[in-house]
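See below for the structure under consideration.
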Amino acid sequence: ANTNGLPVEPGLQVVARIKSQSFQDTVLEALGIPTENDDDVRVRQFRKNLIVKLEKSELLFLSTQALSRAEAFVIMQEVINQLNITHNKLLYPTVSRLKLELNSVSNELKFADIESKQLMKALETQSDKITDTKFSQTVLLNSLRISNDQEYRFFRDTKRLLEEKLSPERTFATH
């Protein structure tokens, strides 16, 4: 979501998060396994069997062992789900701010477009007879139109940048 298209959280930090006891406790609680007793076989097995490594390409390698393939799948899904929830919480302020900025820029762009049309109408209504007053008005209207065009281009470019930052490719959820 940021300007460089960096991940919400660097890979090494994600590894540390998944290995942390508080994150693992959240996963266990979501699985319905009480975490008060670290001597519980299910808690020990989960902590011992959950393996997370950072691959060379910033992708994470996650694995676990369980009594069945289905149980391992459920555990892994919950780890990913909890990581997704955490990353959405981290992303929320930035994405919300960008959406507000996009909305504001879109409104400014509409206003600049309306203003441009009004200036063009005013220029079209100028008569062909040139007087000092008409000349001054024409110069002023053209100056305002040029300024408005620059403002319009600025808002259009800003809108494109914000839309790019908010694109699914930049803000996709953790998978």
Query raised in the report: With sequence neighbours excluded, what pairs up with Gln82 under the side-chain hydrogen bond (donor to acceptor under 3.5 Å, both in side chains) test?
Result: Glu78
**Report entry** By side-chain hydrogen bond (donor to acceptor under 3.5 Å, both in side chains) - contacts of Arg160 (at least two apart)
**Finding:** Asp157
Just verifying a value: how many Å separate [X] [atom1] and [Y] [atom2], rounded to the nearest 0.5 Å?
| X | Y | atom1 | atom2 | result |
| --- | --- | --- | --- | --- |
| Gln118 | Leu141 | CD | CG | 11.5 Å |
| Lys89 | Asn84 | NZ | CG | 11.5 Å |
| Leu50 | Leu62 | CG | CG | 6.5 Å |
| Leu100 | Leu162 | CG | CG | 11.0 Å |
| Gln65 | Glu71 | CD | CD | 11.5 Å |
| Phe73 | Ser68 | CZ | OG | 11.5 Å |

[X] to [Y] - nearest heavy-atom pair and separation:
| X | Y | value |
| --- | --- | --- |
| Pro93 | Leu90 | CD-O, 3.5 Å |
| Pro34 | Arg42 | CD-NH2, 3.6 Å |
| Leu54 | Gly11 | CD1-CA, 3.8 Å |
| Ala66 | Ala72 | CB-N, 3.6 Å |
| Glu55 | Leu60 | CG-C, 4.4 Å |

Could you tell me if the side chain of [Y] sits less than 4.5 Å from the side chain of [X], heavy atoms only?
| X | Y | answer |
| --- | --- | --- |
| Tyr152 | Leu109 | yes |
| Phe23 | Val79 | yes |
| Ile51 | Thr64 | no |
| Phe46 | Leu28 | yes |
| Lys53 | Val15 | no |

Query raised in the report: Among Val95, Asn103, Leu102, whose side chain to side chain contact (heavy atoms under 4.5 Å, CB included) with Lys99 holds?
Result: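 That would be Val95; it is the only one of Val95, Asn103, Leu102 passing the side chain to side chain contact (heavy atoms under 4.5 Å, CB included) with Lys99.
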Query raised in the report: Linking I/L/V/M/F/W/Y whenever their side-chain heavy atoms sit closer than 4.5 Å, directly or via other members, would Leu12 and Leu59 fall into one cluster?
Result: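 As far as the 4.5 Å side-chain criterion goes, Leu59 and Leu12 are not connected within one cluster.
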Requested in this report: Check the hydrophobic clustering (I, L, V, M, F, W, Y; side-chain heavy atoms under 4.5 Å; chains of links allowed) and say if Tyr92 and Ile85 are grouped together.
Outcome: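 As far as the 4.5 Å side-chain criterion goes, Ile85 and Tyr92 are not connected within one cluster.
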Query raised in the report: What pairs meet the salt bridge (charged side-chain N to carboxylate O under 4.0 Å, His left out) rule with one or both residues in residues 11-24, with sequence neighbours excluded?
Result: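 Qualifying pairs: Glu9-Arg17.
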Any donor-acceptor pair under 3.5 Å from [X] side chain to [Y] backbone:
| X | Y | answer |
| --- | --- | --- |
| Ser143 | Val139 | no |
| Asn49 | Gln45 | yes |
| Gln24 | Ile18 | yes |
| Ser167 | Glu164 | yes |

Query - Leu67 CG: over 12 foreign heavy atoms closer than 6.0 Å - result: no
Query raised in the report: Among all residues two or more places apart in sequence or in another chain, which pass the side-chain contact (heavy atoms from CB on, under 4.5 Å) test with Lys117?
Result: Asp113
Report summary line: Residue set satisfying salt bridge (Lys or Arg N to Asp or Glu O under 4.0 Å) with Arg47, at least two apart, ordered chain then number -> Asp25, Asp38
Requested in this report: Under the salt bridge (Lys or Arg N to Asp or Glu O under 4.0 Å) rule, collect the residues that match up with Glu151, sequence neighbours excluded.
Outcome: none
Requested in this report: Just do the side-chain contact (heavy atoms from CB on, under 4.5 Å) check on His87 and Val14 with the steps written out, would you?
Outcome: CA-CA 10 Å; His87 284 176; Val14 176; 3.9 Å; yes
Query raised in the report: Do NZ/NE/NH1/NH2 and the carboxylate oxygens of Asp149 and Arg145 come within less than 4.0 Å?
Result: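 Salt bridge between Asp149 and Arg145, a charged N being under 4.0 Å from a carboxylate O: yes.
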